[in-house]
Enquirer: 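Dropping the structure in here first, questions after.
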Amino acid sequence: MTGNAAHSSSEAVAFADRIGELLTTIRSAEAELGALLVEIEQRGVLELFGYRSAARLLEHLADEPKPFVERLMKRARLVNPGRNLDGSPIPALAPATGVAARAGRLSNPMIDVITDVLTQVPPEHRLSAEANLLTFAEEAGHKQVAALGARILAHLVPDGPAPDDTEPVAPTRELFLRRKRTGVWELSGRFDDETGTRANALLDALAERRTGDDGPDFRTTPKRYGDAFSDAVDLALNSPDLPMQAGERAHVMVAVSLADLRSGVGKATLGDTGTMTAAEARVHACDAMIIPAVLGEKSEPLNLGRLRRLISAGLRRALFLRDRGCAFPGCHRPPRHCQGHHIRHVRHEARVYPIGGARPPTLDRHSGSVKLRAA
């Protein structure tokens, strides 16, 4: 039994030694390959092989993915000397590390740790710092060497790297808004991290579930965020800082026939894109900035309205003090999310009723009853 254990132990040692030999060979070969590619790059890879870069050459010859080749080239340029366009030499950032790498003593993570530290060390201290890191690397792993490098940087560069004085890059912001034939709008785009974070915070606040007297909020997450986006648009349109468009505040032109306007039945043209019912146009005219255009039987304009709010600023303040938010039963939306509407048509009763919410209710003009309308 003892003999079998000794035999197994000796086999394990032999296997481990062989693994170490192969790793040394692989690491040495990769370092030698990097040094060769740097030399080819200096001599002119386009003239020698017809490739735009040494990385592209290796990607084709070795059938390796582009990220792997780019990492190998970056590592090779840091540990091998280069040459400027005028022929003057460029010293290697970590020459001793390059020697150890070609000897097969360093793994790729170890090389990356050492070169990353030396990139931040002042030039006058790089030689000694590299020697200390390489000495410690003989008996430690790359994570321990990274910790030593952090201590070296804390001693040599206590204030950290110099601030970047380059001009910030303009953030990427793109938005695509498309209207389909069905009248549904599709929204897509991409934004920088700051804009996306602010938009996410805004929509999160507006999309919270709101439990009222009628029970819990059963809207799905996409529905809640869709309603939240609609609320955000309303808040932006009500902002006094809204920019001008063609010399006027942003507005929507609604065209409706005189017969439909009188009856409240029929369709109204919404701007130059879609339609809404005549009853909806009458509701929005109470508080939204809408310019009515009344057309005759032959679509001739009979009356062109002016931009105005039937719910004045003073009346909105009075509603704010009276109702403290949405007056619809079970809705707890704050006043800034509400619109003022007549509970009955203005020719019947002049009293107003502020409403709002993720699914703003529409008030019937004649009977006084409340009806819900999806936003």
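Quick note: numbers below take in every heavy atom, side chains included, and nothing from hydrogens, waters or symmetry partners.
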Enquirer: Linking I/L/V/M/F/W/Y whenever any side-chain heavy atoms sit under 4.5 Å apart, do Trp185 and Val233 land together?
Expert: yes
Enquirer: Hey, are Thr221 and Arg224 close enough side-chain-wise for a donor-acceptor pair under 3.5 Å?
Expert: yes
Enquirer: Counting only heavy atoms from other residues, nucleotides and ligands, does the tally under 6.0 Å from CZ of Arg178 exceed 12?
Expert: yes
Enquirer: Could you tell me which non-hydrogen atom of Leu72 sits nearest to which non-hydrogen atom of Gly34, and how far apart they are?
Expert: CD2-CA, 3.9 Å
Enquirer: With a 4.5 Å limit on heavy-atom distance, are the side chains of Phe136 and Asn132 in contact?
Expert: no
Enquirer: Between Arg151 and Leu148, is any pair of side-chain heavy atoms under 4.5 Å apart?
Expert: yes
Enquirer: Within the supplied structure, the quantity of interest is the number of heavy atoms (other residues, nucleotides, ligands) at a distance under 6.0 Å from Asp193 CG; does it exceed 12?
Expert: no
Enquirer: Testing the basics here: between Met73 and Ala54, what is the closest heavy-atom pair and its distance to 0.1 Å?
Expert: CE-CB, 3.9 Å
Enquirer: When you compare the side chain of Leu206 with that of Phe229, does any pair of heavy atoms fall below 4.5 Å?
Expert: no
Enquirer: Which heavy-atom pair separates Leu134 from Ala100 by the least distance, and what is that distance?
Expert: CD2-CB, 4.4 Å
Enquirer: Mind listing the closest non-hydrogen atom pair of Ala35 and Ala76 along with its distance?
Expert: N-CB, 4.5 Å
Enquirer: To the closest 0.5 Å, what do you measure between CG (Leu33) and OG (Ser28)?
Expert: 11.0 Å
Enquirer: So, are Arg27 and Glu30 salt-bridged, with charged N and O less than 4.0 Å apart?
Expert: no
Enquirer: May I ask you to say whether Glu70 pairs ionically with Lys74, meaning some side-chain N is under 4.0 Å from a carboxylate O?
Expert: no
Enquirer: Quiz question: by atom type and distance under 3.5 Å, do the side chains of Arg83 and Ser88 form a donor-acceptor pair?
Expert: no
Enquirer: Can you confirm whether the side chains of Asn108 and Asp112 place a donor and an acceptor under 3.5 Å from each other?
Expert: no
Enquirer: Apply the test side chain to side chain donor-acceptor pair (under 3.5 Å) to residues Asp116 and Thr119: give CA-CA distance (whole Å), side-chain angles for both, the deciding distance (0.1 Å), then the verdict.
Expert: CA-CA 5 Å; Asp116 181 62; Thr119 302; 5.5 Å; no
Enquirer: Quick one: closest heavy-atom pair of Met110 and Gly141, and the distance?
Expert: CE-C, 3.6 Å
Enquirer: Applying a strict under-4.5 Å side-chain criterion to I, L, V, M, F, W and Y, I'd like to know whether Val45 and Leu61 cluster together.
Expert: yes
Enquirer: Does a salt bridge link Glu186 with Lys180, judged by any charged N lying under 4.0 Å from a carboxylate O?
Expert: yes
Enquirer: Can you find a heavy atom in the side chain of Leu58 that is under 4.5 Å from one in the side chain of Glu64?
Expert: no
Enquirer: Calculate, to the nearest 0.5 Å, the distance between atoms CG and CD belonging to Leu48 and Glu39 respectively.
Expert: 10.0 Å
Enquirer: May I ask you to check whether Asp227 and Ser230 show a side-chain donor-acceptor distance below 3.5 Å?
Expert: no
Enquirer: Grab the two heavy atoms, one from Arg173 and one from Asp192, that are nearest each other, plus how far apart they are.
Expert: NE-OD1, 2.9 Å
Enquirer: I'd like to know if the side chain of Asn80 pairs up with that of Arg75 as donor and acceptor (distance under 3.5 Å, no hydrogens or angles considered).
Expert: no
Enquirer: Would the distance check show the side chain of Glu130 and the main-chain N or O of Thr115 forming a donor-acceptor pair, the cut-off being under 3.5 Å?
Expert: no
Enquirer: Counting C-beta onward and ignoring hydrogens, is there a side-chain heavy-atom pair between Phe191 and Leu175 closer than 4.5 Å?
Expert: yes
Enquirer: Do Ile111 and Leu78 make a side-chain contact, defined as non-hydrogen atoms from C-beta onward lying under 4.5 Å apart?
Expert: no
Enquirer: Is the closest side-chain donor-acceptor distance between Glu41 and Ser53 under 3.5 Å?
Expert: no
Enquirer: Hey, could you give me the CG/CD1 distance between Leu118 and Ile114, rounded to the nearest 0.5 Å?
Expert: 7.0 Å
Enquirer: If you measure from OG1 on Thr197 to CG on Leu202, what distance do you get to the nearest 0.5 Å?
Expert: 12.5 Å
Enquirer: Could you check if a side-chain atom of Glu59 sits within less than 4.5 angstrom of a side-chain atom of Pro65, using non-hydrogen atoms only?
Expert: no
Enquirer: May I ask whether Val38 and Val69 are part of the same hydrophobic cluster, defined by side-chain heavy atoms of I, L, V, M, F, W, Y residues being less than 4.5 angstrom apart, directly or through others?
Expert: no
Enquirer: Would you call Val79 and Leu93 a side-chain contact if the rule is heavy atoms closer than 4.5 Å?
Expert: no
Enquirer: Is there a chain of hydrophobic side chains (I, L, V, M, F, W, Y, each step under 4.5 Å between heavy atoms) that links Tyr51 to Leu46?
Expert: no
Enquirer: Take Leu22 and Arg18 through the test side chain to side chain contact (heavy atoms under 4.5 Å, CB included) and record every step on the way to the result.
Expert: CA-CA 6 Å; Leu22 292 175; Arg18 184 56 179 160; 3.7 Å; yes
Enquirer: Once you round to the nearest 0.5 Å, how far does OG of Ser188 lie from CD of Glu174?
Expert: 9.5 Å
Enquirer: State plainly whether one hydrophobic cluster holds both Val157 and Val117, where clusters connect Ile, Leu, Val, Met, Phe, Trp and Tyr through side-chain heavy atoms under 4.5 angstrom apart.
Expert: yes
Enquirer: For Arg219, is there any backbone N or O sitting under 3.5 Å from a side-chain donor or acceptor partner on Arg209?
Expert: yes
Enquirer: Take atom NE2 of His125 as the centre, draw a 6.0 Å sphere, and report whether it contains more than 12 heavy atoms from other residues, nucleotides or ligands.
Expert: yes
